Amino acid sequence: MTTQTDILLIGGGIMSATLGTMLKQLDPSLSITMLEQQAVVASESSDGWNNAGTGHAGYCELNYTPMAANGEVSIQRALSINAAFEESLQFWASLVEQGALQPPASFINPTPHASFVWGEQDVAFLKKRHQALSAHHLFADMEYSEDQATLQQWMPLVMQGRNSKLPLAATRVAYGSDVDFGALTRQLVSHLQQQVGFSLHTQHQVTALKQVGKQHWQVKAKDSSSGKTRTLEAGFVFLGAGGAALPLLQKSGIKEAKGYGGFPVSGQWLVCHNPEVIRQHSAKVYGKAPLGAPPMSVPHLDTRIIAGKPALLFGPFAGFTTRFLKQGSLLDLIKSVKPGNLASMLGAGRHNIDLTRYLIGEVFQTHAQRVQALQHFYPQAQAGEWSLLNAGQRVQIIKSCPQSGGKLEFGTEIVSAADGSLAALLGASPGASTSVNAMIEVLKRCFATQLQSPEWQARMKTMIGSYGSSLIDDADLLRRIRQHTLSTLKLG
Ligand SMILES: Cc1cc2nc3c(=O)[nH]c(=O)nc-3n(C[C@H](O)[C@H](O)[C@H](O)COP(=O)(O)OP(=O)(O)OC[C@H]3O[C@@H](n4cnc5c(N)ncnc54)[C@H](O)[C@@H]3O)c2cc1C
């Protein structure tokens with residue numbers, strides 16, 4: 001028997017959960033089916049322990065503000081990520097107000113975002129970055145200090161026992177956040193399950209998909225509990241399969257998939273076991289990525305609140321892997337090489353030998369070497385109080401490039417069919433924080449007609465007050481919106 005559904009969401013992570021929730025808010029009559037291969041949703045990258053939980057807003061991530069060739073700090077990327085995160089905050093706040101999400105502390109908690117650097121060159125960079133960012137209304141509340149007593153107050157563990165002759169500096173935004181994306185995803189899906197027309201099938205792995213008519217897809221999923229294969233037909237399919245979105249996109253056969261490849265990078269944290277140490281730190285302190293490291297390897301000492309419990313993590317340590325998911329197969333990478341992306345893969349491989357070397361080097365680090373890296377941030381860290389934990393996988397995007405054959409990208413990208421019947425989310429950075437902005441992009445591409453209707457426009461505005469306006473350009477709107485979200489989400 002074939003199940004018919006309007007919308008098919010493949011994968012039960014934050015992206016599918018966000019898109020499903022938005023679509024149900026926009027049109028409650030839609031039938032939506034979610035297929036998840038694991039026994040529970042949010043068990044891959046979206047789980048709290050598998051990502052850093054940073055509400056990426058450009059406050060602390062130095063890689064979002066590179067130094068341009070003219071010596072100026074470029075802030076464009078930080079502005080757009082900050083504005084995108086404000087959309088997420090508005091969406092979550094509106095769901096909290098509706099009672100669709102539990103009280104905010106169950107998934108988001110105030111955690112100051114700080115950048116910390118040492119040495120003359122980096123201090124000069126941070127000062128310049130602060131000047132450039134704080135001149136813009138999105139970053140007007142960012143503080144800067146070189147004063148040791150202030151730094152001691154902002155980040156006691158970082159300053160404890162620090163015996164450095166080098167100049168130090170930090171910036172801080174007090175209303176930064178830690179987000180438990182696992183808890184958020186589970187709450188979104190649980191709210192969807194309470195609505196008529198939504199069904200979730202766990203332990204269902206999608207194995208095949210093909211277009212069977214105009215804007216119509218047939219999808220096969222294997223039920224691992226019964227061994228049976230289920231057939232579904234849908235008018236719209238979203239590939240929210242995390243790292244495994246690429247192979248599914250390739251299976252779809254849409255011409256827009258041509259040339260895309262993936263390069264998986266694994267992650268690990270040092271996790272602290274001493275509650276007394278955990279208690280003393282309340283911030284996300286980001287540093288500068290070591291030379292040659294990919295942007296997602298920026299080290300940070302991170303307060304986390306996962307499943308309501310405080311934790312302290314340091315990392316991530318990147319590593320080389322051939323799996324596209326944490327629970328994926330070692331053959332994922334090799335199976336993803338197809339005639340359509342061979343040139344991109346080879347091109348990207350040729351131009352990123354240093355990165356591969358760096359990642360392999362990371363894998364072979366000893367515990368003592370990792371603790372040494374931690375001691376740059378927390379000089380009095382004791383090796384015995386920290387242990388290593390595997391994080392999730394990030395599959396970086398490889399795209400064809402006329403000059404080099406292929407290039408590696410570290411962002412997030414939506415790939416969609418020209419007829420709007422299928423969309424996939426590739427890449428993982430800034431990731432979950434900007435899931436709302438990414439899913440708005442899916443709506444724009446695949447539900448363009450409905451989105452222009454007065455009903456959908458009004459509902460979009462109810463979900464996201466700033467929808468249709470620019471928070472980058474409109475300082476008054478930003479002030480009003482931010483006041484509301486910070487107070488509703490209890491981040492202020
Ligand atoms: C180490 C690390 C640190 C990160 N830090 C941050 C951070 O600080 N802030 C931030 O915003 N983001 C961060 N991210 C990124 C963020 O975690 C991801 O962008 C986000 O979780 C991706 O969500 P998703 O729904 O696309 O994928 P996932 O959460 O991975 O969900 C995909 C789901 O699809 C399922 N699936 C896969 N294939 C199939 C199939 N064939 N059939 C059925 N189901 C399938 C999987 O089982 C999985 O449940 C980090 C990621 C990593 C790995």
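Predicted, not measured: the structure shown is a model, and the values here were computed from it. Counting convention: from 1, in listed order, for ligands and their atoms alike. When a residue number appears, it is its place in the shown sequence, counting from 1.
Electrostatic pairing of E143 and R172 counts as a salt bridge here, judged by a charged N lying under 4.0 Å from a carboxylate O. Under 4.0 Å is where a charged nitrogen must lie from a carboxylate oxygen, and between D302 and K284 at least one such pair does. Using a 4.0 Å cut-off between charged side-chain N and carboxylate O, R304 and D178 make a salt bridge.
An N or O contact shorter than 3.5 Å links G53 to ligand 1 by distance. Annotation: G431 places no N or O atom under 3.5 Å from an N or O atom of ligand 1; distance criterion only. For a threshold of 3.5 Å applied to N or O pairs, the pair formed by L248 and ligand 1 contains no separation below that value. Residue-to-ligand polar distances keep A42 apart from ligand 1: every N/O pair is separated by 3.5 Å or more. An N or O contact shorter than 3.5 Å is missing between S43 and ligand 1 by distance. Looking at G243 next to ligand 1, no N or O pair under 3.5 Å apart turns up. For ligand 1, none of its N or O atoms has an N or O atom of Q38 under 3.5 Å away. Between V206 and ligand 1, at least one pair of N/O atoms sits closer than 3.5 Å. At a 3.5 angstrom cut-off on N or O pairs, S45 counts as close to ligand 1. Looking at L425 next to ligand 1, no N or O pair under 3.5 Å apart turns up.
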task = May I have the step-by-step check of side chain to side chain donor-acceptor pair (under 3.5 Å) for T21 and H191, ending in yes or no?
result = CA-CA 8 Å; T21 305; H191 179 64; over 6 Å; no
request  = Go through the steps for K326 and N390 under the test side chain to side chain donor-acceptor pair (under 3.5 Å), then give the verdict.
outcome  = CA-CA 9 Å; K326 195 169 175 179; N390 286 335; over 6 Å; no
query = Taking it one step at a time, do L443 and L19 satisfy side-chain contact (heavy atoms from CB on, under 4.5 Å)?
reply = CA-CA 8 Å; L443 295 176; L19 183 61; 4.1 Å; yes
Full working for side-chain contact (heavy atoms from CB on, under 4.5 Å) between L26 and F447 = CA-CA 11 Å; L26 289 166; F447 297 85; over 6 Å; no
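Assignment of G12 to the shell around ligand 1 is supported, since a heavy atom sits closer than 4.0 Å.
Donor-acceptor pairing under 3.5 Å is recorded for the side chains of S387 and H273. Between the side chains of S266 and T321, no donor N or O sits under 3.5 Å from an acceptor N or O. A donor-acceptor contact closer than 3.5 angstrom links the side chains of Q25 and Q98.
Distances below 4.0 Å separate heavy atoms of S433 from the following atoms of ligand 1: 9 (N), 10 (C), 11 (O). Atoms of ligand 1 lying under 4.0 Å from any heavy atom of H204, numbered from 1 in the order shown and given with element: 42 (N), 43 (C). The atoms of ligand 1 that sit less than 4.0 Å from any heavy atom of G240 are 32 (C), 33 (C), 34 (O). The ligand atoms of ligand 1 that sit less than 4.0 angstrom from a heavy atom of P430 are 10 (C), 11 (O), 12 (N). Annotation for ligand 1: atoms under 4.0 Å from non-hydrogen atoms of E44 are 30 (O), 46 (C), 47 (O), 48 (C). Listed by number with element, the atoms of ligand 1 under 4.0 angstrom from any heavy atom of L325 are 37 (C). The atoms of ligand 1 that sit less than 4.0 Å from any heavy atom of L35 are 43 (C), 44 (N). Listed by number with element, the atoms of ligand 1 under 4.0 angstrom from any heavy atom of Q205 are 41 (N), 42 (N).
The 12-atom threshold is exceeded at NZ of K251, counting heavy atoms of other residues, nucleotides or ligands nearer than 6.0 Å.
Residues L89 and V436 fail the side-chain proximity criterion, which asks for heavy atoms closer than 4.5 Å. Between L312 and L157 there is a side-chain heavy-atom pair separated by less than 4.5 Å. F238 is listed as a side-chain neighbour of M439, based on a closest heavy-atom distance under 4.5 Å. At least one side-chain heavy atom of T65 sits under 4.5 Å from a side-chain heavy atom of F125.
The backbone and the side chain of A241 each have at least one atom closer than 4.0 Å to an atom of ligand 1 (non-hydrogen atoms only). Here Q393 has backbone heavy atoms under 4.0 Å from ligand 1, and that is the only part of it that gets that close. At a 4.0 Å heavy-atom cut-off, ligand 1 does not touch D47 at all. The side chain of A391, and not its backbone, has at least one atom closer than 4.0 Å to an atom of ligand 1 (non-hydrogen atoms only; side chain from C-beta on). At a heavy-atom cutoff of 4.0 Å, ligand 1 is contacted by no atom of A245, backbone or side chain. Residue N51 touches ligand 1 through backbone and side chain together, judged by heavy-atom distances below 4.0 Å.
Legend: residues meeting ring-ring contact (aromatic ring centres under 6.0 Å, His included) with H201, ordered by chain and number and at least two apart, are H204.
The closest protein non-hydrogen atom to atom 24 (P) of ligand 1 is M15 CG, 3.7 Å. Protein heavy atom closest to atom 21 (O) of ligand 1, with residue, atom name and distance, is S46 OG, 3.0 Å. Taking atom 27 (O) of ligand 1 as the reference point, the nearest protein heavy-atom neighbour is G242 CA, 3.3 Å. In terms of protein heavy-atom proximity, atom 40 (C) of ligand 1 is nearest to Q37 OE1, 3.5 Å. Remark: minimum distance from atom 8 (O) of ligand 1 to any protein heavy atom is reached at T54 N, 2.9 Å. Atom 47 (O) of ligand 1 has as its closest protein heavy atom E36 OE2, 2.7 Å. For atom 7 (C) of ligand 1, the closest non-hydrogen atom of the protein is H56 NE2, 3.3 Å. Of the protein's heavy atoms, G11 CA, 3.2 Å lies nearest to atom 34 (O) of ligand 1.
With ring centers used as reference points, F377 lies under 6.0 Å from F314.
Here the rule is side-chain hydrogen bond (donor to acceptor under 3.5 Å, both in side chains) with Y260, and of E413, Q250, K338 only E413 fits it.
What you find for M34 and G12 is that their closest heavy atoms are SD-CA, 3.8 Å.
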